[in-house]
Enquirer: 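Take a look at this one; I'll ask things after.
In the text below, chain A, chain B and the rest are named by the order of the sequence lines, each starting its count at 1.
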Amino acid sequence: MSALIRFRGEDLGYQGRTVLAGLELTVTAGQRIALLGRSGAGKSTLITAIYRRLVSAGTAVALVPQDHALVPQLSVFHNIYMGRLERHGALYNLVNLARPMRSEVAQVRPVAATLGLEPELFRPVERLSGGQRQRVAVGRALHRGGTVLLADEPVSAVDEAQGRTLVDVMRAHFTTLVLAVHAVELATEFADRILGLRGGRVVVDTLASRITRADLDAIYAT
Amino acid sequence: MTRRNVGLVLLLAAVALLPFADLEIGGHDPWRVLGRVLAGFLAPSFATLASLGDAIALTLAFAFFGVALGAAVGLALAVLHHRRAVRIGCAVLRSVHELFWALLLIQPLGPSASAGVLAIAIPYAGIFGKVFAEILDEIDRRPADVLPPRTGRISAFLFARLPLALGPMRVYGLYRVECGLRSSAVLGFVGLPTLGFELDTFFRQGEYGSVAAVLLAYYALIGTMRLWMRPRLVPFYLLGALAVLAGTRSVPLSWDNVTRFLTEDLVPAPLRDANLLDVAPWAELGDWLGLLVGEQAVPGMVATLVVSQITIALMGLLALAAYPLLVPAVVGRVGRGVGHVILVVARSTPEFMLCYLALQILGPSMLPAILALGIHNGAIIAHLLGREAERVVPMLRPDAPRGLDLHAYELTPRLYAPFLAYVFYRWEIVVRESAIVGMLGIQTLGFFVDSAIAEIRLDRAVVLLMITAAVTLAIDAVSRLVRRRLGLGAFGGLEARTARLG
């Protein structure tokens, strides 16, 4: 498998502040990576950096940001539709904004159905629960499609069983996954590779099947 | 300079200017006129109800259509507001008062529906352009950041920016409709048949009962706005406005007039029909400009600044004295009710109309202008401070003093920074208003503009208007600088905006 992305001793951060120092990392196409780490360890910075790199390389990549970045005033349908906003001209988009087109609804509806959002399809996102909003953000990424999915805590607002279903759906849609998650058990279930971040450094990089107690301590222990 | 010093400087500046201000009471018997006006309120005469109805309909129609048009153009300007030329254009549009726009537009268009609508729409487009741009700057950027790469700019705006801005824009737009009603009513003073026209006519005829009826109708309109001004009903109001405007008897637009206005009337007299390759007309232009500036612009500017600086001091003092009228912990529940009514009347009466009334009673001098502008603007700031105080009161310690002690020791020190911010926000507005009330005969810039237009010397009027605009823009720049220096920028939310532009 070819290297999808490679960082060679790079400093990553935002607004002039370095969060990840001297990052060495290679991601290969087809890998399913779980990102573990306490909050502030640099998971979001890493995901953003990978996203930017892939976009500038022209790779088809979908993103679920941690804060979802939905438009609260627009409906579930429109927020999911926005995953493919670049595929149509302004006029087409404007018409679809004013009055959802049948052909577009036909494409978005199954995505919403997969995520259990079909009954809410035309409800403004601001009237949904936190878990529902999270699923809308995932829906937008599914609708966007591509080969790579980057998701920052995509199952933090749903219960364990729902989280598992959600991850299964993501696995079914994308060949390469980089998911930041909290639950270690979930990580070992879906991922083949686990990256542990701590204080802006990669402290664990191992096969999911070989993760040890010591690895987890390196990531989480105080 | 500290915040306290700034307040003192403003006060001292006003006192120093007092000797240069014409504060005479020119009317021969102000008390009698005041008595008659008040008697009119005791027995308002609705005998002329039909014409009053027409005036109300037209006032509403101008306001709705003018504001809607201004908002639509303003939205387009807001999107382009990052361009310097657009930003400057917006500033120029809003630096000229709607009454001046009306005076100017009536020349080629006649006292027609289009002149009335445009007089409101043009300056409002500049205001909307700026405020909408500020709103667009403040919304959450994240949805736009995560859009697919290569999303078109228009699509990105429609999906990821506009929906987020629409809420605050609607709130601001509704507030602007109220301002539009005020503007529209005042357009009557330059001959468009709105409520101001009725007021002026009845005053001239000495029919104070009818004067009272016009004012009461106006207050009823403003006072009930919250009941009928619903976003959902706006399309119907716009259709109604269109019907009213279409029904006005209008002179057909003459393109000859418009062309003459643009290519002859506005051209400085020495350059008209002259050979522009010659030196002579340009030398004449120099003399012409020198005379205009020396004999009209400079005296007008001095008078405008005298009126506005004294007004600023009066406005500040009144605001600080009056805002406790809105705080039950200071004046009690009944006191608050009374205070609320007084302040609503003072701030919802258009400053120009208030000045007109004061002038009828006190006679022509700077005194009525200063009183009217001071009371109107003071009431607006008092209203904003009152709302601020409502937020502060629940956070005070349980054993906080009450009454005047609360006002002096707990509230005013806490509210002093927002107070100064509001004062500086209104500075530019007070200057603009001081200029415009010149049309009532006080020798500020508006007086000279009005005279030039009355003499059909539009070339002079335009130069004077440009000077007025420049003064307003300069004051705005100074005010912004002072606010930044004093660290008053934090009060830049929607409320402060409405304070500044209202």
Enquirer: So which part of A:Leu63 gets closer than 4.5 Å to some heavy atom of chain B, the side chain, the backbone, both or neither?
Expert: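 Only the side chain of A:Leu63 comes within 4.5 Å of chain B.
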Enquirer: Check the pair B:Phe159, A:Val71 against side chain to side chain contact (heavy atoms under 4.5 Å, CB included), reporting the backbone distance first and the verdict last.
Expert: CA-CA 8 Å; B:Phe159 276 78; A:Val71 180; 6.0 Å; no
Enquirer: Considering non-hydrogen atoms only, spot the tightest contact between A:Leu85 and B:Pro148 and give its length.
Expert: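 Nearest heavy atoms, A:Leu85 then B:Pro148: N-CG, 4.1 Å.
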Enquirer: Check this for me: B:Ile154, atom CD1, are more than 12 non-hydrogen atoms of other residues, nucleotides or ligands nearer than 6.0 Å?
Expert: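 12 or below, so no.
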Enquirer: How about the chain B/chain A donor-acceptor pairs under 3.5 Å, what are they, with distances?
Expert:
unit_1   : atom_1 : unit_2  : atom_2 : d
B:Arg142 : NH1    : A:Asp67 : OD2    : 3.0
B:Ser155 : OG     : A:Asn93 : ND2    : 2.6

Enquirer: For A:Leu74, is it the side chain, the backbone, both, or neither that has a heavy atom closer than 4.5 Å to a heavy atom of chain B?
Expert: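 Just the side chain, heavy atoms under 4.5 Å.
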Enquirer: Enumerate by number any residue of residues 222-243 of chain B whose heavy atoms lie under 4.5 Å from heavy atoms of chain A; in the absence of such residues, state 'none'.
Expert: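 Residues of residues 222-243 of chain B touching chain A at under 4.5 Å: none.
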Enquirer: Might you confirm whether atom CG of A:Leu94 has over 12 heavy atoms from other residues, nucleotides or ligands at distances under 6.0 Å?
Expert: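 Atom CG in A:Leu94 is crowded, with more than 12 foreign heavy atoms closer than 6.0 Å.
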Enquirer: For B:Ser184, enumerate each residue passing the side chain to side chain donor-acceptor pair (under 3.5 Å) test, keeping only those at least two apart in sequence or located in another chain.
Expert: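 With sequence neighbours excluded, B:Ser184 shows a side chain to side chain donor-acceptor pair (under 3.5 Å) to no residue whatsoever.
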Enquirer: Enumerate by number any residue of residues 72-84 of chain B whose heavy atoms lie under 4.5 Å from heavy atoms of chain A; in the absence of such residues, state 'none'.
Expert: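 Contacts with chain A: none.
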Enquirer: How close do B:Leu164 and A:Pro72 get, heavy atom to heavy atom, and via which atoms?
Expert: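 Nearest pair, atom of B:Leu164 first, then A:Pro72: CD2-CD, 3.5 Å.
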